[in-house]
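One structure is given below, encoded as structure tokens.
Any value given below was found using the heavy atoms of this structure, including those in side chains, with hydrogens, waters and symmetry copies removed. Atoms within each ligand, like the ligands themselves, are counted from 1 in listed order.
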Amino acid sequence: MPDLVEFRDSLDGELFSPDSSGYEAIRRPVNAAHWAVRPRLVVLCRSVSDVVAATTYATATGDRIAIRGGGHCFAGRSSTDGIVLDLSGLDDVSVAGDGVATIGAGARLGKVYAALHADGRTLPAGCGSTVGIAGLTLGGGIGLLGRKHGLTCDRLVGAQVVLPDGRVVECDDDHEPDLFWGLRGAGGGQFGVVTSLRFDTVPEPMTIRLEANWSDIALDDLVAAWQAWAPDAPDELTVNLALVSEVGSTPVQANLMGASTLDEGSTRELLREFIDRAGVDATIDVRSGVPFHHLKTTFADPWDAPERALRIRSEFFSHSMAHSTLAALLTQLGEPRTTGRRQITFTAMGGAYNRVAEDATAFAHRSERFLLEHIAEADDLWVDASWAIAHADGSGRVYPNFPDPALDDWAMAYHASNYRRLAAVKNAYDPNRFFDFPQAIQTTPCQQTRRTIR
Ligand SMILES: Cc1cc2nc3c(=O)[nH]c(=O)nc-3n(C[C@H](O)[C@H](O)[C@H](O)COP(=O)(O)OP(=O)(O)OC[C@H]3O[C@@H](n4cnc5c(N)ncnc54)[C@H](O)[C@@H]3O)c2cc1C
């Protein structure tokens with residue numbers, strides 16, 4: 001057994017065990033649904049050599065290891081009863097003259113957007129200021145500029161990775177290309193510890209902020225119109241739709257949020273087309289001149305709150321859902337109850353997301369029209385009921401950043417036809433499955449799918 005004191009003394013960062021002060025705060029991921037998991041140790045890494053030392057130590061002790069960036073994983077994969085590698089001490093952001101940003105793997109989105117803004121740059125990345133750039137990118141990265149610029153992982157041009165054997169490698173299209181391929185859409189906790197990411201950033205745009213909150217509106221018409229319109233809108237316009245049922249507040253509320261980088265006249269014209277198509281009498285708040293990094297902070301996300309125990313199930317749709325499916329979803333969402341908040345969210349795909357070949361990166365979902373999420377408190381069985389209704393019409397594909405422990409065909413759902421190559425990458429870089437968790441990529445592509453992917 002390697003010496004714990006020696007290990008601790010070798011670190012630039014800090015080591016926490018259950019008897020350390022600060023252990024209770026640092027051991028917890030964001031999602032309270034996973035707070036019962038108590039790690040034996042938490043290593044707060046402040047250098048790449050800390051990551052190497054922790055990896056070597058865990059190899060020697062046989063401890064399970066979990067990598068933590070922003071700590072938001074819905075399936076609790078950044079928690080373990082073994083050793084948590086907390087990367088929050090590696091959060092530097094720098095931008096070179098060519099616009100390539102190097103970002104420490106522990107940086108959260110709020111810091112990333114602010115730091116890039118200082119150089120007039122940004123990334124197509126998600127909402128949620130405390131979400132980690134590493135977790136987000138390694139599973140894809142969907143956001144309000146994505147229909148224009150693609151997934152966050154589509155802007156990744158290189159990464160530094162600590163492998164299970166302690167080697168530190170730089171990967172990009174020319175160096176360790178299979179690893180680099182696997183990181184773009186299937187890299188979360190699978191092959192190695194990413195310590196920094198290099199992105200080809202884009203100029204930060206001025207945006208038009210779009211928002212509407214409606215409670216007295218024909219929801220089936222609204223959603224039907226959105227499905228037919230939003231995924232085909234110009235790339236510069238992203239409009240997402242959430243249907244929310246709050247306890248004690250009826251009826252179901254529709255929240256629209258979006259962003260446009262078109263001029264205001266064209267934006268208003270397109271929104272009018274949507275409203276006319278829906279046949280509803282409704283207005284949308286349109287606010288021009290909002291810098292992108294600021295736009296992110298203006299949308300409140302009630303789910304992005306510490307101490308909430310959350311559960312999500314989701315599925316991509318490659319076509320509009322049947323009217324009967326939609327009607328059943330709305331009925332289910334509107335059922336009276338005594339506790340909690342329930343939400344289904346429609347996120348528009350299409351655009352640049354779909355102009356990348358399915359096998360060009362590990363992110364396989366390149367022909368989808370929208371993503372549907374069902375989110376509620378962790379103990380609310382409505383999530384399963386709502387998901388089951390939608391699943392009848394869905395594509396069978398699931399966003400890897402919304403991991404779903406209840407899936408029985410997860411390999412195909414997350415990775416589709418890329419799974420075989422991912423298994424080969426796993427075999428090459430982590431043959432002993434040092435990085436392991438339920439639904440981790442296997443070293444052989446033996447997972448069977450029980451449902452055909454449409
Ligand atoms: C409030 C909220 C808002 C969200 N908004 C969006 C959104 O707008 N768009 C979107 O696409 N997604 C969104 N998500 C989903 C989000 O992308 C995922 O939850 C993501 O995995 C979170 O990354 P993290 O670093 O915060 O979490 P973590 O739990 O730290 O990590 C997630 C996974 O990545 C692995 N990982 C983390 N860092 C590394 C690393 N350095 N090397 C290797 N593996 C690593 C972890 O082991 C784990 O398996 C949101 C989630 C929440 C809770």
Numbered atoms and elements of ligand 1 in range of Arg68, under 4.0 angstrom, heavy atoms = 30 (O)
Nearest-neighbour protein heavy atom for atom 27 (O) of ligand 1, which is reported as residue plus atom name and distance = His72 N, 3.0 Å
remark   = d(Leu183 CG, Cys171 SG) to nearest 0.5 Å is 5.0 Å
ask   = What atoms in ligand 1 come closer than 4.0 Å to a heavy atom of Leu138?
value = 39 (C), 40 (C), 42 (N), 43 (C), 44 (N), 45 (C)
query = Is a side-chain donor-acceptor pair under 3.5 Å present for Gln160 with Thr195?
reply = yes
task = Tell me which protein heavy atom sits closest to atom 2 (C) of ligand 1, plus the residue, atom name and distance to 0.1 Å.
result = Val131 CG2, 3.9 Å
query = Any N/O of Gly71 closer than 3.5 Å to an N/O of ligand 1?
reply = yes
request  = Decide, yes or no, whether a salt bridge links Asp91 with Arg108 under the criterion of side-chain N to carboxylate O below 4.0 Å.
outcome  = no
query = Below 3.5 angstrom, do we get any N/O pair linking Cys73 and ligand 1?
reply = yes
ask   = Any Lys/Arg nitrogen of Glu377 or Arg311 sitting under 4.0 Å from an Asp/Glu carboxylate oxygen of the other?
value = no
message = Just to be sure I read this right, does ligand 1 sit under 4.0 Å from the backbone of Asn31, its side chain, both, or neither, counting only heavy atoms?
response = neither
ask   = Does Gly140 come within less than 4.0 Å of ligand 1, judged by its heavy atoms?
value = no
query = If we ignore angles and hydrogens, is there a donor and acceptor under 3.5 Å between the side chains of Thr137 and Arg184?
reply = no
inquiry  = Under a 4.0 Å threshold between the charged nitrogen and the carboxylate oxygen, would Asp380 count as salt-bridged to Arg341?
reply    = no
query = When you check the side-chain N and O atoms of Glu373 and Tyr399, is any donor under 3.5 Å from an acceptor?
reply = no
ask   = Applying a strict 4.0 Å limit to heavy atoms, is Gly192 in contact with ligand 1?
value = yes
key: Min heavy-atom dist Phe402 to ligand 1 below 4.0 Å   = yes
message = Whether the Ser79 and Arg27 side chains hold a donor-acceptor pair (N or O, under 3.5 Å, no angle test) is what I'd like checked.
response = no
message = Below 4.0 Å from ligand 1: does a non-hydrogen atom of Phe437 turn up there or not?
response = no
request  = Considering the heavy atoms of Ser78, write down every atom of ligand 1 situated less than 4.0 Å from one of them.
outcome  = 28 (P), 29 (O), 30 (O)
query = Of all the atoms in ligand 1, which lie at a distance below 4.0 Å from a heavy atom belonging to Gly126?
reply = 7 (C), 8 (O), 9 (N)
ask   = Which protein non-hydrogen atom lies closest to atom 49 (O) of ligand 1, naming both residue and atom, and how far is it?
value = Arg77 CB, 3.4 Å
Of the listed options Pro124, Gly128, Cys127, closest to atom 6 (C) of ligand 1 (non-hydrogen atoms) = Cys127
key: Salt-bridge criterion met for Arg167 and Asp165 (N-O under 4.0 Å)   = yes
ask   = For Ala101 and Thr201, which heavy atoms make the closest approach, and how far apart are they?
value = CB-CG2, 3.6 Å
remark   = re atom 25 (O) of ligand 1, the protein heavy-atom contact at minimum distance is Gly70 N, 2.8 Å
key: Gly141: numbered ligand 1 atoms lying under 4.0 Å from its heavy atoms   = 11 (O)
request  = Please name the pair of heavy atoms, one in Gly182 and one in Leu422, separated by the smallest distance, quoted to 0.1 Å.
outcome  = CA-CD2, 4.0 Å
task = Name the option, out of Thr152, Leu136, Val51, Leu371, that contains the heavy atom nearest to atom 10 (C) of ligand 1.
result = Leu136
Which residue and heavy atom of the protein sit nearest atom 23 (O) of ligand 1, plus the separation = Gly135 CA, 3.3 Å
ask   = Going by atom types only, do Thr267 and Ser260 share a side-chain donor-acceptor pair under 3.5 Å?
value = yes
request  = Within a distance under 4.0 Å of any heavy atom of Ile142, pick out the atoms of ligand 1 and give their elements.
outcome  = 7 (C), 8 (O), 9 (N), 10 (C), 11 (O)
query = For atom 36 (N) of ligand 1, which candidate among Val162, Ile67, Asn401, Thr137 holds the nearest heavy atom?
reply = Ile67
ask   = In ligand 1, which numbered atoms sit nearer than 4.0 Å to a non-hydrogen atom of Ala105?
value = 41 (N)
ask   = So which bit of Leu87 gets within less than 4.0 Å of ligand 1, heavy atoms only: side chain, backbone, both or neither?
value = side chain
inquiry  = Does either side chain, that of Asn418 or that of His415, offer a donor lying less than 3.5 Å from an acceptor on the other one?
reply    = no
inquiry  = Tell me if the CZ atom of Arg433 is crowded by more than 12 foreign heavy atoms within 6.0 Å.
reply    = yes
key: ligand 1 to Thr130 polar contact by distance, N or O atoms, under 3.5 Å   = no
key: Closest protein heavy atom to atom 11 (O) of ligand 1, given as residue, atom name and distance to 0.1 Å   = Tyr399 OH, 2.5 Å
